[in-house]
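Keep in mind the model is a prediction, meaning the values are calculated, not measured. Atoms considered below: every heavy atom in the structure, side chains included; atoms not considered: hydrogens, waters and symmetry mates. Counting begins at 1 with the first residue of the sequence. Atoms within a ligand are numbered from 1 in the order they appear, just like the ligands themselves.
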Amino acid sequence: MQHVTPNPGLCSHCANARVIENPRGSTFILCTLSESDPRFPKYPRLPVLSCDGFEESDPAQQRCTSSS
Ligand code: SF4
């Protein structure tokens, strides 16, 4: 994931996080779970230290699958 300031905590390795960059170059996290579940803010307050929606992003999916 792209560098985000401040440290996003759990969001930095969550499958539901998207990094958004605004025209001024600031980066922030958009939580895609917010689209389907109102418990989650669209732009979570960082760092997120505990979250019921956290899903570990699978680094293997982001790599080329050369072993199959
Ligand atoms: S589900 Fe939680 S940890 Fe994952 S992106 Fe949303 S706020 Fe961050």
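- The protein heavy-atom contact nearest to atom 2 (Fe) of ligand 1 is C51 SG, 2.3 Å.
- Listed by number with element, the atoms of ligand 1 under 4.0 angstrom from any heavy atom of L33 are 1 (S).
- Heavy-atom minimum distance, P8 versus I29: CB-CG1, 3.9 Å.
- Annotation: atom 8 (Fe) of ligand 1 to nearest protein heavy atom, C11 SG, 2.3 Å.
- Side-chain contact check for F28 versus E21: every heavy-atom pair is 4.5 Å or farther apart.
- The residue among P8, S12, A17, S50 with a heavy atom at the shortest distance from atom 5 (S) of ligand 1 is A17.
- Of the protein's heavy atoms, C14 SG, 2.3 Å lies nearest to atom 4 (Fe) of ligand 1.
- Of all the heavy atoms in C31 and F40, the pair that sits closest is SG-CB, 4.1 Å.
- Closest approach of L10 and S50 over heavy atoms only: CD1-CA, 3.7 Å.
- Scanning both residues, V48 and C11, for their nearest heavy atoms gives CG2-SG, 3.6 Å.
- Looking at T32, its side chain never comes within 3.5 Å of a backbone N or O of A17 through a donor-acceptor pair.
- In terms of protein heavy atoms, atom 6 (Fe) of ligand 1 is closest to C31 SG, 2.4 Å.
- With ligand atoms numbered from 1 in the order given, ligand 1 contributes 1 (S) to contacts under 4.0 Å with heavy atoms of G53.
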